2 protein chains.
Amino acid sequence: MSVVTDTTRNGVDTEKMFATLDLIKTQPELAKFQFRATNRWIDGAHNRSTIKGFYAAGGEDTTRSEEFQCDAGEPAILLGTDTGPNPAEYLLHALAACLTTSIVYVAAARKVELTSVESTLTGEMDVRGALGVDDEPRNGFERIGVSFRVTGNAPEEKLHEVVERAQKRSAVYDMVTNGVPVAVEVTTD
Amino acid sequence: MSVVTDTTRNGVDTEKMFATLDLIKTQPELAKFQFRATNRWIDGAHNRSTIKGFYAAGGEDTTRSEEFQCDAGEPAILLGTDTGPNPAEYLLHALAACLTTSIVYVAAARKVELTSVESTLTGEMDVRGALGVDDEPRNGFERIGVSFRVTGNAPEEKLHEVVERAQKRSAVYDMVTNGVPVAVEVTTD
């Protein structure tokens, strides 16, 4: 249950938001977060991630009462049995969710009341790369298209500014467009 | 229900896998896929993606009988109400799922029977970037750590080779490490 106060806009408590920003400005060490996911193979293309704990603001955050579970899979044409979205579709979802939340938070900070935020994301892939048939196509999407429809109590220009600012601040947009160093370790016992 | 034949290894129908690879080699135009996600803002940090249709092998794939729904959220410290994993956690899940499925498929192709594949992923983030408090830290994870434990009926060296090959072919690993061009369009009516 979120507590609705007169400082709440778009479902975001802006008083708490500005207090958080002020706190982090004076104590930047509180801004160090670590997020995690634990995954377990089930069968074939079916695997499941469990997500709960994370480190935030100087300590382990224990406010989450239950863990989240996400099941991944592949459709039949990619040799799975549709036990969940496939990993590349989950990446599109991560990007959509991050841009959307960024839009909602930026709008709240700028006193824009949104009425709707909808998006469709598409990713083009030549699966010869990931299937190892040809070295020329890359494994991942060649490009991603994001189409947003955003409505609210602000002029068109201001709504566009909100989306532009959200793009500049979205964590997943940054990662998907710029890449992140990934270190993989393996044990076999 | 997957049909188990004597060509099934790790839950993957290897006969179908090799037939698919052969088909794509002779008709590379069948390798053009498009995946999609549609997202809708609900309230605050809560939004939901719907995932069903995709384009594959020369036409729209209609084999999926139901759509998948993924709810995103943020924990209290990031001004949400824990309506789901946050977008950055979903990105970790996408990466874990893709590497895991790649390991399972590569092992199946190389006649390695796996007994378990488990992983823990961590992502370090200085949230000053995404919150717009400071321009210096990037918005996304500074780095991602992936720790795999893989067991099966093969020598340690072969299991390591399977993971290395999977890394080389994983679609999401490619995207997360190298980045993807993203084009954003916005309409406001």
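For clarity, every value in this text was computed on a predicted model and none was experimentally measured.
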Original post:
After noting the C-alpha distance and the side-chain angles of A:Asn178 and B:Arg138, does the key distance pass the side chain to side chain contact (heavy atoms under 4.5 Å, CB included) rule?
Top reply: CA-CA 10 Å; A:Asn178 297 316; B:Arg138 68 178 294 177; 4.0 Å; yes

What are the two closest heavy atoms between [X] and [Y], and how far apart are they?
| X | Y | result |
| --- | --- | --- |
| A:Gly11 | B:Asp43 | CA-OD1, 3.4 Å |
| B:Ala96 | A:Asn39 | CB-CB, 3.7 Å |
| B:Ala57 | A:Ile77 | CB-CD1, 3.5 Å |
| A:Lys16 | B:Ala76 | NZ-O, 2.8 Å |
| A:Trp41 | B:Thr100 | CB-CG2, 3.8 Å |
| A:His93 | B:Ala72 | CE1-CB, 4.1 Å |

Point-to-point distance, once rounded to the nearest 0.5 Å, from [atom1] of [X] to [atom2] of [Y]:
| X | Y | atom1 | atom2 | answer |
| --- | --- | --- | --- | --- |
| B:Leu121 | A:Thr38 | CG | OG1 | 8.0 Å |
| A:Cys98 | B:Asn86 | SG | CG | 8.0 Å |
| B:Leu30 | A:Asp126 | CG | CG | 10.5 Å |
| A:Glu185 | B:Arg149 | CD | CZ | 14.5 Å |
| A:Asp134 | B:Leu21 | CG | CG | 12.0 Å |
| A:Thr122 | B:Arg36 | OG1 | CZ | 8.0 Å |

For each of [options], tally heavy-atom pairs with chain A at distances under 4.5 Å, and name the one with the top tally.
| options | value |
| --- | --- |
| B:Leu92, B:Asp82, B:Leu95, B:Ile103 | B:Asp82 |
| B:Ser116, B:Gly80, B:Ala108, B:Gly84 | B:Gly84 |
| B:Leu131, B:Thr187, B:Thr50, B:Thr101 | B:Thr187 |
| B:Thr20, B:Val12, B:Val133 | B:Val133 |
| B:Pro137, B:Gly129, B:Ala56 | B:Gly129 |

task = Taking atom types as modelled, find out whether B:Thr151 and A:Asp189 have a side-chain donor-acceptor pair closer than 3.5 angstrom.
result = no

Check the side chains of B:Asn139 and A:Ser170 for a donor-acceptor pair under 3.5 angstrom, ignoring hydrogens and angles. no

Determine, for B:Asp135 against A:Arg169, whether the closest basic-nitrogen to carboxylate-oxygen distance falls under 4.0 angstrom. yes

salt_bridge(B:Arg64, A:Glu89) N-O dist < 4.0 Å: yes

Proximal component of [X], with respect to chain B [non-hydrogen, under 4.5 Å]:
| X | answer |
| --- | --- |
| A:Thr177 | both |
| A:Thr115 | backbone |
| A:Val104 | side chain |
| A:Glu29 | neither |
| A:Tyr55 | neither |
| A:Asp61 | side chain |
| A:Val176 | both |
| A:Leu78 | both |
| A:Leu114 | both |

Can you tell me which portion of [X] sits under 4.5 Å from chain A's heavy atoms? Options are side chain, backbone, both or neither.
| X | answer |
| --- | --- |
| B:Val182 | both |
| B:Ile51 | side chain |
| B:Arg48 | neither |
| B:Glu74 | side chain |

Please work out which of the three classes, parallel, tilted or perpendicular, describes the rings of B:Phe141 and A:Phe35, given edges at 30° and 60°.
tilted

Output the option from [options] having the highest count of non-hydrogen pairs under 4.5 Å with chain B.
| options | value |
| --- | --- |
| A:Val184, A:Ile24, A:Thr120, A:Leu99 | A:Val184 |
| A:Ala130, A:Pro181, A:Ser119, A:Gly145 | A:Ser119 |
| A:Ala94, A:Pro85, A:Ala45 | A:Pro85 |
| A:Ala154, A:Ala88, A:Pro75 | A:Pro75 |
| A:Lys52, A:His160, A:Glu67 | A:His160 |
| A:Glu164, A:Glu118, A:His46 | A:Glu118 |

Side chain to side chain contact (heavy atoms under 4.5 Å, CB included) between A:Arg40 and B:Val117, intermediate numbers included: CA-CA 6 Å; A:Arg40 190 171 61 81; B:Val117 183; over 6 Å; no

Are [X] and [Y] joined in one hydrophobic group, where the rule is that I, L, V, M, F, W and Y side chains link up if heavy atoms are under 4.5 Å apart?
| X | Y | answer |
| --- | --- | --- |
| B:Leu23 | B:Tyr105 | no |
| A:Tyr90 | A:Val127 | no |
| A:Ile42 | B:Val106 | no |

State, yes or no, whether a side-chain contact exists between [X] and [Y] at a heavy-atom distance under 4.5 Å.
| X | Y | value |
| --- | --- | --- |
| A:Asp71 | B:Phe68 | no |
| B:Val186 | A:Leu159 | no |
| A:Val180 | B:Glu142 | no |
| B:Lys25 | A:Arg128 | no |

- Crowding at CD, B:Glu157 (>12 non-hydrogen neighbours, <6.0 Å): no

Next item on the list: Could you tell me whether A:Glu66 atom CD has more than 12 heavy atoms of other residues or ligands within 6.0 Å of it?
Entry: no

